[in-house]
Amino acid sequence: MKVYFDSSRPDHQEALRALWSAAFPGQELHGLVSDQWKDMGWQGRDPSTDFRGAGFISLENLLFFAKNFTRSFERLLTKQGGKRAAWEYPFAVAGVNITFMIMQMLDLEATKPRTFVRAVFLQMLSENEWAFDLLYCVAFVVIDKQWLERNATYMEFNDVLKSTRAQLERELLMDDVYRIEDMPSYSLLC
């Protein structure tokens with residue numbers, strides 16, 4: 001979490017290229033600074049400027065989503081399904097915001113668990129090193145589902161993000177949820 005995206009690091013550059021390849025297989029990337037990035041939902045030509053508070057882990061989350069839940073990733077990236085608003089949320093920037101929201105929800109900056117949600121999650125993480133990434137993927141599909149249910153517009157993104165957080169917290173605290181895969185919303189992933 002404390003690793004900031006650094007566009008001068010070769011491993012960070014490679015992760016960005018890998019994300020492009022996963023999102024647009026067979027389509028050549030013309031550079032790490034290019035108008036092509038806007039097609040993925042970055043705010044400008046240089047995606048490195050959008051990582052800010054969430055850091056490198058947000059890129060890792062997007063990459064995990066693209067590689068492990070390819071159909072869901074593609075469906076959300078290309079805004080397939082449902083009645084969509086004219087002014088949609090930008091996919092990649094939404095992904096960065098989701099990482100940041102989960103970090104806040106789980107209070108990961110604290111040295112000791114201060115919330116029951118965090119304590120439950122840390123138990124899940126101790127049993128599955130990919131728990132954070134899986135929770136991220138679940139959060140992304142929940143956001144999109146809520147987005148469609150509300151017929152939301154870009155200006156409502158923060159409301160949908162808050163509502164998603166509340167739903168994730170409820171699901172994590174359910175009696176029969178011991179793993180991320182047990183969460184009811186996990187079934188939304190394909």
Side-chain angles (χ1 to χ4, degrees), residues 1-25 27 29 31-34 36-78 89-110 117-118 120-144 157 161 164-165 168-169 171-172 179-181 183 185-186 188-190:
M1 283 181 11
K2 296 196 186 288
V3 176
Y4 296 101
F5 183 84
D6 181 349
S7 60
S8 69
R9 288 183 54 173
D11 57 329
H12 289 203
Q13 293 172 9
E14 189 52 43
L16 207 48
R17 283 188 194 92
L19 178 62
W20 178 266
S21 295
F24 302 107
Q27 188 175 337
L29 176 64
L32 292 179
V33 175
S34 164
Q36 289 175 289
W37 289 108
K38 294 177 188 177
D39 295 339
M40 193 184 295
W42 298 102
Q43 291 178 343
R45 300 173 36 99
D46 183 358
S48 69
T49 62
D50 289 331
F51 290 110
R52 289 182 207 86
F56 184 66
I57 191 173
S58 59
L59 174 55
E60 291 178 312
N61 289 152
L62 280 165
L63 198 49
F64 179 90
F65 189 23
K67 289 182 175 182
N68 292 280
F69 298 99
T70 307
R71 287 190 339 203
S72 289
F73 180 87
E74 182 181 324
R75 183 177 56 81
L76 299 185
L77 173 65
T78 59
Y89 63 86
F91 175 80
V93 173
V96 172
N97 279 286
I98 292 167
T99 298
F100 189 71
M101 178 267 295
I102 294 172
M103 288 168 34
Q104 289 182 318
M105 177 181 83
L106 299 174
D107 196 24
L108 295 178
E109 294 289 325
V117 170
R118 178 178 170 186
V120 166
F121 176 77
L122 290 178
Q123 179 61 40
M124 292 176 179
L125 187 61
S126 72
E127 295 171 16
N128 181 353
E129 67 179 304
W130 302 109
F132 189 91
D133 298 282
L134 290 170
L135 183 59
Y136 172 87
C137 296
V138 169
F140 219 136
V141 293
V142 169
I143 276 190
D144 196 69
F157 182 78
L161 194 64
T164 296
R165 176 179 171 163
L168 295 175
E169 288 173 340
E171 289 188 23
L172 283 168
R179 311 169 304 141
I180 301 299
E181 295 90 331
M183 295 173 67
S185 294
Y186 185 84
L188 297 172
L189 287 167
C190 54

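Between V141 and F69, every side-chain heavy-atom pair lies at or beyond the 4.5 Å cut-off. Residues L63 and L16 have side chains not in contact (no heavy-atom distance under 4.5 Å, counting atoms from C-beta outward). Using a 4.5 Å cut-off on side-chain heavy atoms (C-beta onward), V96 and W42 make contact. A heavy-atom distance below 4.5 Å is found between the side chains of M105 and L168. The closest side-chain heavy-atom distance from V3 to R9 is below 4.5 Å. By the 4.5 Å heavy-atom criterion applied to side chains, F24 and M40 are counted as neighbours. In this structure, L135 and M124 have side chains that are not in contact, with every pair of non-hydrogen atoms separated by 4.5 Å or more. The closest side-chain heavy-atom distance from I143 to L161 is below 4.5 Å.
Closest approach of W37 and G31 over heavy atoms only: NE1-O, 3.2 Å. When all heavy atoms of L62 and G95 are compared, the closest pair comes out as CD2-CA, 4.3 Å. The two residues S72 and C190 come nearest to each other via the heavy atoms OG-N, 2.7 Å. Pairing each heavy atom of D6 with each of S8, the nearest pair is OD1-OG, 2.6 Å. Taking every heavy atom of both residues into account, V138 and S185 meet most closely at CG1-CB, 3.7 Å. Considering all non-hydrogen atoms of both residues, T164 and A139 come closest at CG2-O, 3.8 Å.
Residues that satisfy the ring-ring contact (aromatic ring centres under 6.0 Å, His included) test with F73, not counting sequence neighbours, are F65, F91. By the side chain to side chain donor-acceptor pair (under 3.5 Å) test, T78 is found to be paired with Q80, residues two or more places apart in sequence or in another chain being considered. With sequence neighbours excluded, no residue satisfies salt bridge (Lys or Arg N to Asp or Glu O under 4.0 Å) with E181. Scored by the side chain to side chain donor-acceptor pair (under 3.5 Å) test, E60 finds no partners at all (sequence neighbours excluded). N97 pairs by the side chain to side chain donor-acceptor pair (under 3.5 Å) definition with nothing, not counting sequence neighbours. With sequence neighbours excluded, the residues satisfying side chain to side chain contact (heavy atoms under 4.5 Å, CB included) with Q104 are F100, R165. For the ring-ring contact (aromatic ring centres under 6.0 Å, His included) test, no residue two or more places apart in sequence or in another chain qualifies with Y4. Applying the side chain to side chain contact (heavy atoms under 4.5 Å, CB included) test to S7 and every residue at least two apart in sequence or in another chain returns F5, S48. F56 pairs by the ring-ring contact (aromatic ring centres under 6.0 Å, His included) definition with H12, not counting sequence neighbours. E74 meets the side chain to side chain donor-acceptor pair (under 3.5 Å) test with no other residue; sequence neighbours excluded.
From E171, atom CD reaches atom OH of Y186 across 13.0 Å, with rounding to the nearest 0.5 Å. Atom CD1 of residue I98 and atom CE of residue M103 lie 13.5 Å apart, to the nearest 0.5 angstrom. Atom CG of residue L122 and atom CG of residue L106 lie 7.5 Å apart, to the nearest 0.5 angstrom. In this structure, CD in Q123 is found 13.0 Å from CG in L172, a value given to the nearest 0.5 Å. Of the inter-residue distances, the one linking I102 atom CD1 with S58 atom OG reads 11.0 Å to the nearest 0.5 angstrom. The distance from atom CG of L32 to atom CH2 of W20, rounded to the nearest 0.5 Å, is 11.0 Å.
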What do the steps show when you test L134 against N128 for side-chain contact (heavy atoms from CB on, under 4.5 Å), and what is the final call? CA-CA 10 Å; L134 290 170; N128 181 353; 3.6 Å; yes
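Residue pairs that meet the side-chain hydrogen bond (donor to acceptor under 3.5 Å, both in side chains) test with at least one member in residues 130-144, sequence neighbours left out, are N61-D133, R84-D144, Y89-D144. Applying the salt bridge (Lys or Arg N to Asp or Glu O under 4.0 Å) test to pairs two or more places apart or on separate chains, those with a residue in residues 40-49 are D35-R45.
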